[in-house]
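Heads up, the thing below is written out as structure tokens.
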Amino acid sequence: MTATANARTTNRYEPAEIESRWQARWDELGMHRTDLDDGSRPRYYVLTMYDYPSGDLHIGHWFVKVPTDVISRHRRMQGYNVFFPVGFDAFGLPAENAAIRSGVQPREWTLRNVEKMRRQLRTMGATWDWDAEVITCEPEYYRWNQWFFLRFLENDLAYRQMAPVDWCPNDGVLAREQVEGADRVCWRCGARVTKRDLEQWFFRTTKYADELLDHSSIEWPEPIVVMQRNWIGRSEGAEITFAVAPDDSQPGGDEITVFTTRPDTLFGATFMVLAPEHPLVDRLTHASQLQAVESYRQEARRKSEIDRLSTDRDKSGVALGAHAINPINGERIPIWIADYVLVGYGTGAIMAVPAHDERDFEFARWAGLPVRRVVARRGEELEAAMSEAYAAHSNDEVLVNSGDFSGYSANDGGRRITAELERRGLGRPAVTYRLRDWLISRQRPWGTPIPVIYCQADPSCGIVPVPDEELPVRLPDTFDYAAGGSNPLVHDAQFVNAPCPRCGGAGRRETDTMDTFVDSSWYWWRYLSPGLTSAPLDRQRADAWCPVDQYTGGAEHAVMHLLYSRWFTKALNDMGLVSEREPFKRLFNQGQILGADGERMSKSRGNVQDPDELVARYGADTVRLFLMFMGPWDQGGPWSDTGIDGVHRFLRRAWTVVLDPHGREPGDAEGDRMAAGVSVNEAADDLRRQAHRTLQKVTEDHANFRWNTMIAALMELTNRLMRLRGTEVAQRSEYDEAARLLVLMLAPLAPHIAEELWSRRLAAAGEEWRSVHSEGWPEYRPELVAADQMELPIQVNGRLRDTVSVPAGLSEIELEQIVLSRDKVRAYLVDAEVARIVHVPGRLVNLVTRPRA
RNA sequence: GGGCGAGUGGUGGAACGGUAGACACGCCAGCCUUAGGAGCUGGUGCCGCGUGAGCGGCGUGUCGGUUCGAAUCCGACCUCGCCCACCA
């Protein structure tokens, strides 16, 4: 059977028939299998964020994937060896929710959905290499999560620590970035989040904080770079050590270190504030304040973040009754605790400078503490009482009330104060980050088991890593959710009981599993060798293909997946496992398609648009094209299928002008006649020019992912061909060339119809079949793009007044003569004279006039 | 409160500082059809004048500025969206 033999069964455009036929044919030929070891062509790795197999693939999925497929197809035509894999992010909560609701085990539910999504994804006609597929919930995959964990443990990049964590009543422990909004709610279920103390596993993301701030070697959208920068939140300043003064409750001498970005204001520190959870609070609290302090701490502990942050922002706190010594001037200042100081940031303690910090000012006003101004503009009146903190920063500020440092500029004074403290061993320049280490522990069964065993027999064994050769630590086949709690693994004796690898005595397995963002932090390497059993990745292939050339996906992953992946890459690089330090060279964030109601698409809202219906009605090519034609790729917006008919019509017209150039519509009496006054030669020349211009435009738009204008240009070309159909021009080679280029340009966008049109053209010409998708991308001829005649707009004082057709390449003087001889122009020169003529070559002429003297 | 982005016809959207509204949807008219949710051709920013070819005015959230010329650059403001939010 040849493809062409049964291609000519009909002359009508029937997408369903064409699409299934060509998809089968491409599969049969293995056209999208990438030879990863082929080094004869330049390589190009195209990656789109893999999906969670929720089972409800919607039009939003297509909105990312279709253009990514177009990129892959276009690169192939350009001669690249393209790798475009697909996989599933298969661990995670929805599977557990389904299990609890319906009794279907997470694994079964997930794999069933994977199967369904594979089917749906195949209708798109994308060039995925399904041989490279990765499913993260399979032991062959998560085994390597465990392997990486053990390497991190060896390299001090993983550690266990008691930590206050965000706790969701439904989902257990959450990462900081999984807590959303001012209400502090769970990103998954929307429940209010509270704090709890638990022993947790962390990855040391902060080790690479500085390098993660450097995006100079990658081309990422600026908003993502900014978000990551803010998330990492580097602040420069100083650490300053205050000594505690002795009193009748304690001997003094304890040191309290604070972090400040404003060491210049040290003379203005009139009190100190510790976070309620600060470890020194117990030791320092004066006997008379014990009760007040204890009740404040309990209250702060009980209060959820929402109460602390948004209900009322009024300051609250309690004095410890102890005092500290300001290291710069020996002054005794009171020590307070207050919940506006966070235990997790900086040192969990601050020096309060109410005159120059809004929060401190508010607190001082509430507590009746003194405010002392130490920074002022040169010559500014200082006596007036302050009504708000003066936190501004400008160049003409000087220190005041600051002893020997008075008179120095704020910046210079700050440096001098820090230097003086450093000399005395009481301070030093310091940098602090908002970024915290990555909390990976999850109290859930449907994730990668953390491969450690707690030895019960011999306390000296402690936490024992599972040896590499015992990996993977497998999940049980079924979970018993009836056992209670969020994590059935805890009650699964077969899973939990394991001998200590060190002493052989009784031991308990860790029952926490890893955050699913661990899975997604390295999956692109696995695609290159999904079946490899000796290592997580094939180093040679990774070196050949990575970093990923083009990554596409949603901006919602700006500070999670996209940051963790960068961290993983740097960590693996330092451990000698990969050669690159950044995972994704170029990133593009497409916009998000919302439901017709303007809300995020979700099953529960009932606003999910299923692509299957549209594909059944219009065909995949129309749906592909429509998604790209709607608007700029980075924009998104509420879903509406208004306009899809126009795109479908376009494909039908393309079909007609390519396959039936000499036909004509019965309703068009003039159809076979040329427009008045245009010769066949001129029309043919114009057509050729337009075809090459379109090719130029389309080629440029590919470089910028500007699908909508690309398609508009193809529509214009098609409309032109339609007008010339049935005329003498349709018999000319120019028409044939334009039609041929149209099919080639259509190929990446609407692959099925392009393949069909191509095969019919080849058959008609008696040529042997070859796929349009293995043709080279055509190149436009610059000499054919230039016009020899142009419509020149004429402006008078910047307003359009006339246009005139002129030969291209006239000199300014020649143009001037033509312009000034125009009747319409002369009408404007009755009461005015020309002051100046602005020539914009190839664009327009603008006459600037002034009233006649 | 802070950061980022966006405001253009009835609709989706075009427009290196240079003819605003490409290309579509929708609508109107004509044609072709037994029929059509099919197809072809033409028209369509708003207002005014003209029988007509056409002519004029107004127009890119608001107000200013820069420029021969601004949807585009700058400043202030309004509205919407996203991100962050007591981060010292």
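A note on names: the letters A, B, ... follow the listed sequences, proteins ahead of strands, and every chain is numbered from 1.
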Between B/C31 and B/A38, how far is it from one C1' atom to the other, in whole Å? 14 Å
Has A/Arg653 got a side-chain atom pairing as donor or acceptor with A/Asn719's backbone, closer than 3.5 angstrom? no
Counting only Watson-Crick or G-U wobble pairs whose two distances fall under 3.5 Å, which nucleotide matches B/A85? none
OP1, OP2 of B/G59 versus side-chain N and O of A/Arg799: anything below 4.0 Å? no
A/Asp641 CG - B/G37 C1' separation (whole Å): 13 Å
Tell me whether A/Arg624 forms a cation-pi arrangement with A/Trp62, defined as NZ or CZ under 6.0 Å from the six-membered ring centre and within 45 degrees of its axis. no
Do the side chains of A/Met710 and A/Met628 get nearer than 4.5 Å, heavy atoms only? no
Is it true that, when you exclude A/Arg365 itself, more than 12 heavy atoms of the residues, nucleotides or ligands shown sit nearer than 6.0 Å to its CZ? no
For B/G59, the Watson-Crick or wobble counterpart (both distances under 3.5 Å): none
Could you check whether A/Ser235 gets within reach of a base, just the sugar-phosphate, or nothing at all, counting any heavy atom under 4.0 Å? sugar-phosphate
A/Asp339 CG to B/A85 C1', straight-line distance once rounded to whole Å: 15 Å
Out of B/A14, B/G56, B/G12, which nucleotide sits closest to the side chain of A/Thr709? B/A14
Rounded distance (Å) that lies between atom P of B/C68 and atom CZ of A/Arg836: 6 Å
Taking the side chain of A/Thr261 as heavy atoms from C-beta outward, which of B/A88, B/G13, B/G12 is closest to it? B/A88
Could you tell me whether A/Asp360 contacts a base, only the sugar-phosphate backbone, or nothing, with contacts defined as non-hydrogen atoms closer than 4.0 Å? nothing
Complementary nucleotide for B/A6 - Watson-Crick or wobble, under 3.5 Å: B/U79
Would you mind calling B/G54 syn or anti? Take O4'-C1'-N9-C4 for purines or O4'-C1'-N1-C2 for pyrimidines, and syn is within 90° of 0. anti
A/Arg723 side-chain N/O to B/U41 phosphate OP1/OP2 under 4.0 Å: no
Using a 4.0 Å heavy-atom cut-off across all strands, classify A/Gln795 as base, sugar-phosphate, or nothing. base
All heavy atoms of A/Ser235 vs all of A/Tyr345, minimum pair found to be OG-OH, 3.3 Å
Respond yes when some side-chain nitrogen or oxygen of A/Arg434 is under 4.0 Å from OP1 or OP2 of B/A88, and no when none is. no
Regarding the side chain of A/Lys824, the nearest nucleotide among B/C55, B/U19, B/G18 is B/C55
More than 12 heavy atoms from other groups under 6.0 Å of CD on A/Glu599: yes
Heavy atoms from C-beta onward define the side chain here; which of B/C86, B/C68, B/A85 lies closest to that of A/Tyr340? B/C86
Of the candidate nucleotides B/A24, B/A88, B/G39, which contains the atom at the shortest distance from the side chain of A/Phe629? B/A24
Does one side chain, of A/Gln789 or A/Ser805, offer a donor that lies under 3.5 Å from an acceptor on the other? yes
Closer than 4.0 Å, any side-chain N/O of A/Asn708 to the OP1 or OP2 of B/A22? no
To the nearest Å, give me how far apart CE (A/Met710) and C1' (B/C23) are. 14 Å
Would you classify A/Arg801 as touching base, sugar-phosphate or nothing, given that sugar-phosphate means primed atoms plus P, OP1 and OP2, and contacts are heavy atoms under 4.0 Å? sugar-phosphate
Roughly how far apart, to the nearest Å, are B/G52 and B/C63 at atom C1'? 42 Å
Residue A/Asp645, side-chain heavy atoms: nucleotide from B/G69, B/C40, B/G26 that is nearest: B/G26
Name the closest nucleotide to the A/Arg617 side chain, picking from B/C4, B/C23, B/G37. B/G37
For A/Thr727 and A/Tyr735, does a side-chain donor sit closer than 3.5 Å to a side-chain acceptor? no
Would you mind telling me which of B/G13, B/C86, B/C84 lies closest to the side-chain atoms of A/Lys315? B/C86
Using only side-chain N and O atoms of A/Arg720, determine if any of them is under 4.0 Å from OP1 or OP2 of B/C23. no
A/Arg649 CZ - B/A24 C1' separation (whole Å): 9 Å
What is the nucleic acid contact for A/Gln635, judged by heavy atoms within less than 4.0 Å: base, sugar-phosphate only, or nothing? sugar-phosphate
Rounded distance in Å - CZ (A/Arg436) to P (B/A85): 10 Å
For B/U33, give the paired nucleotide (Watson-Crick: N1-N3 plus N6-O4 or O6-N4; G-U: N1-O2 and O6-N3; both under 3.5 Å), or none. none
Taking only the side-chain heavy atoms of A/Pro632 (C-beta and beyond), determine which of B/A88, B/C16, B/G13 contains the nearest atom. B/G13
Under a 3.5 Å cut-off for both contacts, is B/C16 paired Watson-Crick or G-U wobble with anything, and if yes, with which nucleotide? none
Can you check the A/Met630 CE to B/A14 P distance for me, whole Å? 12 Å
Hey, which of these two, A/Gly636 or A/Ala712, hits RNA chain B nearer its 5' end, going by closest nucleotide? A/Gly636
5' precedence on RNA chain B between A/Tyr618 and A/Gly346 (nearest-nucleotide basis): A/Tyr618
When both hydrogen-bonding distances must be under 3.5 Å and the geometry is Watson-Crick or G-U wobble, what is B/A71 paired with, if anything? none
Distance between P atoms of B/C16 and B/A22 (Å, rounded): 15 Å
Can you tell me the pairing partner of B/G52 across any strand shown, Watson-Crick or G-U wobble, with both distances under 3.5 angstrom? none
Given B/U19, B/C68, B/A88, identify the nucleotide with an atom nearest to the side chain of A/Leu342. B/A88
Between the NE2 atom in A/His648 and the CZ atom in A/Phe626, the distance rounded to the nearest 0.5 Å is 13.0 Å
Phosphate contact (B/G39 OP1 or OP2) by A/Arg652 side-chain N/O below 4.0 Å: yes
I need the CZ-P distance between A/Arg653 and B/C25, as an integer number of Å. 9 Å
Can you tell me the pairing partner of B/U11 across any strand shown, Watson-Crick or G-U wobble, with both distances under 3.5 angstrom? B/A24
